[in-house]
Amino acid sequence: MSAMNALKALRTVRARQLVLGGAVTGALAAALSGALTGCGIAPTDVIDAGEPATGMKSPGQPEADVQLFFYGPSGLRSATRPSETPVDPQTALLMLMKGPNHAERMRGLTSAVPKLLTAPTVETHEGGVVITMPVDGKRLDSASMNQLVCTAANARVPGKKPAGQVAVTLVSKNDRIGPMVCGGNNAFPVVEPSPTLTQPSATERPETG
């Protein structure tokens, strides 16, 4: 065999190897695809997941949502707004004075708190809130007082008492209303326990003729 014929024969063998290798590879790919399909898994391309989610609360982190109270068709209702940190009663009341946002209005929520030229000021102590109103307390009806008391009680108050045990007092130049607590969907006056009456002993009883 001449050198030219030997070179042609070698090229033919390599070509057959490439064709055979491609066929085997194609057969394996087809078999793998069929197996995945049979198992209910559809072969897909690589998916770019994008950036990781941010802004979510870490496990164990306390909830910092703000609870504002407005009125709906069935009475006083709370509206939850997200917050990065817990807010104090002063901040919560400033948010309340602005009224419900668009999403809350779509839920049918409205506010009974009158429009004020000056925002109320708030002082807090352990388990209590004092709200100084810039208007006479007589201008506040029970509906608006319910909103103010429940919104303030559900904010961050020193003492870490439950909202139903936070005493809220409304004061103005001429009036002082309260203390009150937010019980369910209404504000109620704090009922002080009456002093216990003790019966006089036999030696203390006056003698009668």
Side-chain angles (χ1 to χ4, degrees), residues 47-124 127-172 175-190:
I47 300 176
D48 185 7
E51 296 294 331
T54 58
M56 299 181 66
K57 294 182 176 63
S58 302
Q61 181 179 353
E63 295 291 336
D65 297 337
V66 184
Q67 297 291 330
L68 305 180
F69 284 79
F70 298 104
Y71 273 90
S74 56
L76 192 67
R77 290 291 178 267
S78 65
T80 303
R81 296 186 187 179
S83 176
E84 295 182 358
T85 58
V87 301
D88 54 18
Q90 177 77 63
T91 304
L93 290 182
L94 290 177
M95 298 172 65
L96 178 72
M97 304 303 291
K98 296 180 180 179
N101 58 26
H102 176 72
E104 293 158 355
R105 290 194 300 270
M106 294 298 294
R107 290 172 50 193
L109 299 182
T110 59
S111 178
V113 179
K115 299 294 182 180
L116 302 176
L117 298 178
T118 305
T121 58
V122 178
E123 295 180 4
T124 59
V129 181
V130 178
I131 305 174
T132 301
M133 300 296 297
V135 297
D136 194 337
K138 296 180 180 179
R139 290 187 55 187
L140 301 176
D141 56 9
S142 60
S144 59
M145 284 191 292
N146 290 340
Q147 288 184 249
L148 294 170
V149 171
C150 288
T151 298
N154 280 271
R156 183 185 60 185
V157 179
K160 298 182 179 180
K161 288 187 176 182
Q165 298 180 11
V166 175
V168 181
T169 303
L170 280 72
V171 299
S172 63
D175 296 288
R176 185 180 183 90
I177 305 174
M180 294 178 289
V181 293
C182 180
N185 294 332
N186 291 286
F188 299 94
V190 175

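As the structure is a prediction and not an experimental result, all values here were calculated from the model.
Within the 4.5 Å cutoff, the side chain of D175 has no heavy atoms near those of the M133 side chain. Looking at heavy atoms from C-beta onward, P114 lies out of side-chain contact with V135 at the 4.5 angstrom threshold. Residues R77 and F70 are not in side-chain contact: their nearest non-hydrogen atoms beyond the backbone lie 4.5 Å or more apart. T91 has its side chain out of reach of V122: every pair of non-hydrogen atoms, C-beta onward, lies at least 4.5 Å apart.
Of all the heavy atoms in G178 and T169, the pair that sits closest is C-OG1, 4.3 Å. Taking each heavy atom of G164 and V181 in turn, the nearest pair found is O-CB, 3.7 Å. Contact detail for K161 and Q165: the closest heavy-atom pair is CD-O, 4.0 Å. A pairwise comparison of heavy atoms in A92 and V66 identifies CB-CG1, 4.4 Å as the closest pair.
Interatomic distance, I177 CD1 to I131 CD1, rounded to the nearest 0.5 Å: 10.5 Å. Distance check, rounded to the nearest 0.5 Å: OG1 of T151 to CG of L96 gives 4.5 Å. Atoms CG and OG, on D65 and S83 in that order, are 7.5 Å from each other to the nearest 0.5 Å. Note that CG of N146 and CG of L140 are 11.0 Å apart. Values are rounded to the nearest 0.5 Å. Once rounded to the nearest 0.5 Å, the distance linking OG of S144 with CZ of F69 reads 15.0 Å. Note that SG of C182 and CG of L76 are 7.0 Å apart. Values are rounded to the nearest 0.5 Å.
Looking only at distances, no side-chain donor or acceptor of T124 sits under 3.5 Å from a matching main-chain atom of V157. Looking at D88, its side chain never comes within 3.5 Å of a backbone N or O of R156 through a donor-acceptor pair. A donor-acceptor contact shorter than 3.5 Å links the side chain of E104 to the backbone of N101. Counting only distance, with no hydrogens or angles, the side chain of E123 and the backbone of V130 share no donor-acceptor pair below 3.5 Å. A distance-only check finds no donor-acceptor pair linking the side chain of Q147 to the backbone of S111 [under 3.5 Å]. Using a distance-only test at 3.5 Å, with no hydrogens or angles considered, a donor-acceptor pair links the side chain of Q90 to the main chain of P120. Using modelled atom types, one side-chain atom of R105 and one backbone atom of P100 make a donor-acceptor pair closer than 3.5 Å.
By the neighbour-count criterion of 12 heavy atoms within 6.0 Å, atom CZ of R81 is densely surrounded, having more than that number from other residues, nucleotides or ligands.
Looking at V113, T121, L148 one by one, the single match for side chain to side chain contact (heavy atoms under 4.5 Å, CB included) with L93 turns out to be L148.
Residues T80 and Q67 have side chains that bring a donor and an acceptor to within less than 3.5 angstrom of each other.
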